[in-house]
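Values reported hereafter were calculated over all heavy atoms of this structure, with side chains retained and with hydrogens, waters and symmetry mates removed.
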Number of protein chains: 2
Amino acid sequence: MTTMTSTSGDTHSVAERRLRQADQRYTPGRRAIISLLLSAGHPVSIEDIASQLPDLPRSSAYRHLTDLESAGLVRRVAAGDEFTRFELAEDLTGHHHHLVCLNCGKVTDVILPSGFEQQAARAIARLADEAGFQAHSHRLDVLGLCAACR
Amino acid sequence: MTTMTSTSGDTHSVAERRLRQADQRYTPGRRAIISLLLSAGHPVSIEDIASQLPDLPRSSAYRHLTDLESAGLVRRVAAGDEFTRFELAEDLTGHHHHLVCLNCGKVTDVILPSGFEQQAARAIARLADEAGFQAHSHRLDVLGLCAACR
DNA sequence: CTACTTGCAAATGCTTTGCAGGAGA
DNA sequence: TCTCCTGCAAAGCATTTGCAAGTAG
């Protein structure tokens, strides 16, 4: 896979580095999960992971995801339809949002125009400020039906 | 700005009507939950419900919430920090978003400028269209620290 | 050697459900 | 009287954790 966003090649080294900072190792199991998230390009569920990595016990998958999350490499995504999903941390993938299918649960990554993001950031900053709220990030999900389910 | 969208007084009759459409009754337990959601003004957890309605068994609370959701009166909210919360359906409260505290889980309702919402709707519509996705609604949550936790 | 990993099985904890008695229409 | 509602206890399930063996450094 040569035509990737250039960060893909570095992701593994970033992963190793961040894990080391937490005195943890970048083992095959963890690497397999990062690779899977990398190639998926959208949030995946435990089911997805279990079916694509049959030899990785679920308990290990859960543990790895927790560890990777602590290391700032993975982020939990609440699809809304109670199926916890996981994706690479935003600083590894870039800021994006999700199209969530209410029927099949499929989640697709999308990027909004930067002009929109800027206005959103402004509106959010002002609102948060008024509420004494310290905003860290935001998530914008579009709910509806995917091409296959509509 | 009196944030009473005038629907508050009618909410109970709307609830009764919608439940009847599903051959269900607007019983005291269900009414208590609707009242609680109405007065809370923000998403509440099962814990909140249990503590404020001590005589309502959790199993009944869960069942009621499921029924109310089916009747289009209540919506499940994924706060992100795995504590399912519930709020009144958007057509009863008006479109709004959430400030989610990453520390204590508190969720506050906020309303964004209509100009922003319009631009958001446009950006979303175009994107969804390109993806063959049929957008129904969107949710925008701001994650950070509330005034008490910052 | 010492510390981090992992699998398996057991334990959790939230949520759902089977049933039988109650209550509204 | 028929159907829906409720409580309690039991069941389900996704997720977490204790433990002991495995392995990287």
Side chain to side chain contact (heavy atoms under 4.5 Å, CB included) partners of B/S137, counting only residues at least two apart: A/L143
Of the listed nucleotides C/dG7, C/dT16, D/dG7, the one nearest the side chain of A/P57: C/dG7
Phosphate OP1/OP2 of D/dC8: any B/R58 side-chain N/O under 4.0 Å: no
Presence of B/H64 side-chain N/O under 4.0 Å of D/dC5 phosphate oxygens OP1/OP2: no
Co-members of B/L145 in a cluster of I, L, V, M, F, W and Y side chains, linked at under 4.5 Å: none
Whole angstrom value for the distance that separates P of C/dT5 from CG of A/D55: 20 Å
Length of the CG-P vector between A/L68 and C/dT6, whole Å: 10 Å
Between the protein and nucleotides 17-25 of chain D, list every N/O to N/O distance that falls short of 3.5 Å.
{"residue": "D/dG18", "atom": "O6", "partner": "A/R63", "partner atom": "NH2", "Å": "3.4"}

Whole-Å gap separating C1' (C/dT6) and OH (A/Y26): 17 Å
Candidate nucleotides C/dT16, D/dC4, D/dC5, ranked by approach to the side chain of B/D23 - the nearest: D/dC4
Length of the CZ-C1' vector between A/R31 and C/dT5, whole Å: 16 Å
Within residues 43-59 of chain B or reaching into it, pairs that qualify as side chain to side chain donor-acceptor pair (under 3.5 Å) - sequence neighbours excluded: B/S45-B/D48, B/E47-B/R58
Interatomic distance, B/E47 CD vs C/dC14 P [rounded to whole Å]: 7 Å
Protein-nucleotide distance (B/I33, atom CD1; D/dC5, atom P), rounded to Å: 13 Å
Integer-rounded Å distance: D/dT3 C1' and B/Q24 CD: 11 Å
Stepwise ring pair (Phe, Tyr, Trp, His ring centres under 6.0 Å) check, B/H97 with B/H138: CA-CA 9 Å; B/H97 300 289; B/H138 68 271; 5.5 Å; yes
Sequence neighbours excluded, every pair satisfying ring pair (Phe, Tyr, Trp, His ring centres under 6.0 Å) that has a member inside residues 106-137 of chain A: A/F116-B/F116
First encountered from the 5' end of DNA chain D, between B/L56 and B/A22: B/A22
List the atom pairs, donor and acceptor, that lie under 3.5 Å between side-chain atoms in residues 121-130 of chain B and the rest of the protein, sequence neighbours left out.
none

Cluster link A/L56 to A/L19, ILVMFWY, side chain under 4.5 Å: yes
Rounded distance (Å) that lies between atom P of C/dC14 and atom CG of B/L65: 16 Å
